[in-house]
There are 2 protein chains.
Amino acid sequence: MTNTTLKLLAQQLQLSISTVSRALKDHPDISASTKAKVHALAQSLDYEPNAYAIQLRTQSSKILGVIVPAISNLFYDSFIAAVEEESRNNGYAVMILQSSHNPENELSNLKIFRQNRVSGVFACLSSSSENLEVYQKMNEREIPVVFFDIVPKDNRFTKVRMADERCAIMAAENIIKRNAKKVLAIFGDEVLSITQKRKSAFQKFMQDFAPKIHCSYAHANSSLHAEELMKKFADKKNKLDTVFCMTDEILIGVMKTIQELQLKIPSDIGVISISNGFIPNLYYPHISYVETSGYELGKLAFIQMMANMKGGKTLTELTVDAKFVEGGSM
Amino acid sequence: MTNTTLKLLAQQLQLSISTVSRALKDHPDISASTKAKVHALAQSLDYEPNAYAIQLRTQSSKILGVIVPAISNLFYDSFIAAVEEESRNNGYAVMILQSSHNPENELSNLKIFRQNRVSGVFACLSSSSENLEVYQKMNEREIPVVFFDIVPKDNRFTKVRMADERCAIMAAENIIKRNAKKVLAIFGDEVLSITQKRKSAFQKFMQDFAPKIHCSYAHANSSLHAEELMKKFADKKNKLDTVFCMTDEILIGVMKTIQELQLKIPSDIGVISISNGFIPNLYYPHISYVETSGYELGKLAFIQMMANMKGGKTLTELTVDAKFVEGGSM
DNA sequence: AATTTTTTTGCAAACGTTTGCGACAAAATT
DNA sequence: AATTTTGTCGCAAACGTTTGCAAAAAAATT
């Protein structure tokens, strides 16, 4: 079965292609009666405009690209949900690709985006990828790039992210409030700027406001790793009384050890994490967490994208604030 | 900055567009020397073929569409991962859209797919959507549709799914093995065929092999709902000793109640679920589950898609088998 | 009735590719 | 030396739109 085209409609109605085209988009030049006829036929033959022809002609696709490290991540999920929602409202489709934390995949994804002439891309850096020239090239080709969450230090780009320092400080505040004595703070992938920001803010705050609290710092980039770390620190009877988990993955690993050692929360040990809330609420008592909303970040990112596409270059770094959610773990 | 096109290359090299086109794809008609020149220039101007022009000309895109109820779901995540992996290897890009369990969104997503002339779609039905004419129309337009997981009863379509009956029976087997007396089995959305299949298989097996076990059946389509259901059944001292959860969402709700009532697993109550394993392993002891692998399902779906695209109509229903994973909850 | 204005429609080029066919030269065959 | 084959390349049409501009028809103005 052949697709319905403008030409076909035109033939059947004894009209020119241009008239049909204009009728379909309510151009004031076209009379109401012909508009009606055209719409009717288009309906019954369920005409779908060929997006490829349109893009070829107009040189602008209605597709936005999103690169995330992984979609099996509640934070990115909600980010994508927000972007998709806004996109739908603005007539855009969203193409989602995952880098799987692999710079190589990131590159090949970018290539797919270029080939499909996306009109903008939201990018979250995969671990150690710092080949920013590719992104720079996209910007030069007038394809706006909005980095989110894991953003480059480079300030030639538009960036949106969580208020990482505030997150870390909020967590620190609540640890102090608990009268903690010995704290284990586990952060994520060391090479990421997001990790560095959170860690240094946390560290500084702890030193300044609670210098007598003993803090151990560690890094983990997987649940398994976090589990082992926790085992090491909790085992040697060093009276660890509080643990801070920077990510859901870390929290999961830490909880495995806590469950295994049958530690009581919050009496034996206090737990606090940074999360969107899904995982923390699975445990009993619920884990207290500093909430970071991928959803809000997505909304913000979309606004930035639109601004970039419409107007000039708004090269800014915007942040979304966080809030503390009390579970029963502190 | 304007994009590099064949025309531009042709001009700079004093060649015709067709020659450049052929050179770029190693057509035997073109001499080695010109091929080299063309490739060199294309490289330095980083030429990217315009996918839209290609599709317009060849009437075939290299994009596959995937519709899932939600991407924040580990089962679908792994399904997508598999499809994406295979797609990448075969030169396809994947466009992921979520229906959010909303038939209206499903429709609008389908429209986006049609407009972008995807060359195939993987579809998972959103709850109560049974407007199959749309899918039938796609098939008529020679856009193969492969349904997965939640598939229509209609046998005009290609379908891949888990061996739902086997899953349910495996769960039932292990419930019997536990010497259960009173069982609560909570299934998902009642209108879905996947639910019906699992439920009737479960029910039949229980009747035939353990008629003395008292089973209560219930439906839930959210964690909250499952939580309440569990509260109702566990509260009234009717000595409930085992609960079966058909989905992760249900398990989460059930576990909330179990934690709240401080029931001990597995002594007070046994728990078994159907899952890919992520959520069950968060609890302590780990929840025993029948494993369903979205990843394998994705691989299978892709194979079916390719078969549909290449050859004729392979209208079959294929299933992926499951296996039981022992936690400590039974 | 002749002119101007307004309304409605069509022509044709362009977007960047692919591809059947023909053209031309060089090489191989007679 | 005349012919055929082979190796390289270009012409031009087509894919389905959009849009500036011209044209034709109808309505309004003199």
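Throughout, protein chains are lettered first and strands after them, A, B, ... in sequence-line order, and every chain is numbered starting at 1. These figures come from a predicted structure and were not determined experimentally.
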If you look only at pairs with a residue in residues 69-85 of chain A, which of them pass as a salt bridge (Lys or Arg N to Asp or Glu O under 4.0 Å), with sequence neighbours excluded?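 Qualifying pairs, neighbours excluded: A:Glu85-A:Lys299.
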Tell me which pairs pass salt bridge (Lys or Arg N to Asp or Glu O under 4.0 Å) where either residue lies in residues 14-34 of chain A, with sequence neighbours left out.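 Checked against salt bridge (Lys or Arg N to Asp or Glu O under 4.0 Å) - neighbours excluded - the pairs reaching residues 14-34 of chain A are A:Asp26-A:Lys35.
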Applying ring pair (Phe, Tyr, Trp, His ring centres under 6.0 Å) as the test, list every pair that has at least one member in residues 63-83 of chain B; sequence neighbours left out.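 Of all non-adjacent pairs touching residues 63-83 of chain B, those that pass ring pair (Phe, Tyr, Trp, His ring centres under 6.0 Å) are B:Phe79-B:Phe148.
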Give every residue pair that meets the ring pair (Phe, Tyr, Trp, His ring centres under 6.0 Å) criterion with at least one member in residues 27-46 of chain B, sequence neighbours excluded.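 Sorted result for residues 27-46 of chain B: empty, none.
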Rounded to whole Å, how long is the line connecting atom [atom1] of [X] with atom [atom2] of [N]?
| X | N | atom1 | atom2 | result |
| --- | --- | --- | --- | --- |
| B:Leu6 | D:dC9 | CG | P | 16 Å |
| B:Gln55 | D:dT17 | CD | C1' | 13 Å |
| A:Leu15 | D:dA24 | CG | C1' | 15 Å |
| B:Leu8 | C:dT17 | CG | C1' | 15 Å |

Name all residues meeting the side-chain contact (heavy atoms from CB on, under 4.5 Å) criterion together with [X]; count only those two or more places apart in sequence or in a different chain, and write none if there are none.
| X | answer |
| --- | --- |
| B:Thr34 | B:Ile30, B:Ser31 |
| B:Ser108 | A:Arg88 |
| B:Ile63 | A:Tyr52, A:Asn116, B:Ser61, B:Met95, B:Val118 |
| A:Ala81 | B:Gln98 |

Pairwise N/O distances under 3.5 Å, protein to nucleotides 26-28 of chain D:
none

In residues 17-40 of chain A, which ones come under 4.0 Å of DNA chain C, going by heavy atoms?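 Correct list: A:Ser18, A:Thr19, A:Arg22, A:Asp29, A:Ile30, A:Ser31, A:Thr34.
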Could you go through nucleotides 13-15 of chain D and list every protein N or O atom that sits under 3.5 Å from one of its N or O atoms, giving the distance for each pair?
residue: D:dA14; atom: N3; partner: B:Arg57; partner atom: NH1; Å: 3.4
residue: D:dC15; atom: O3'; partner: B:Gln59; partner atom: NE2; Å: 2.9
residue: D:dC15; atom: O2; partner: B:Arg57; partner atom: N; Å: 3.4

Please enumerate all residues that pass salt bridge (Lys or Arg N to Asp or Glu O under 4.0 Å) together with A:Asp149, with sequence neighbours excluded.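 For A:Asp149, no residue satisfies salt bridge (Lys or Arg N to Asp or Glu O under 4.0 Å) once neighbours in sequence are set aside.
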State whether a side-chain donor-acceptor pair under 3.5 Å links A:Thr158 with A:Gln304.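 Result is no, nothing qualifies.
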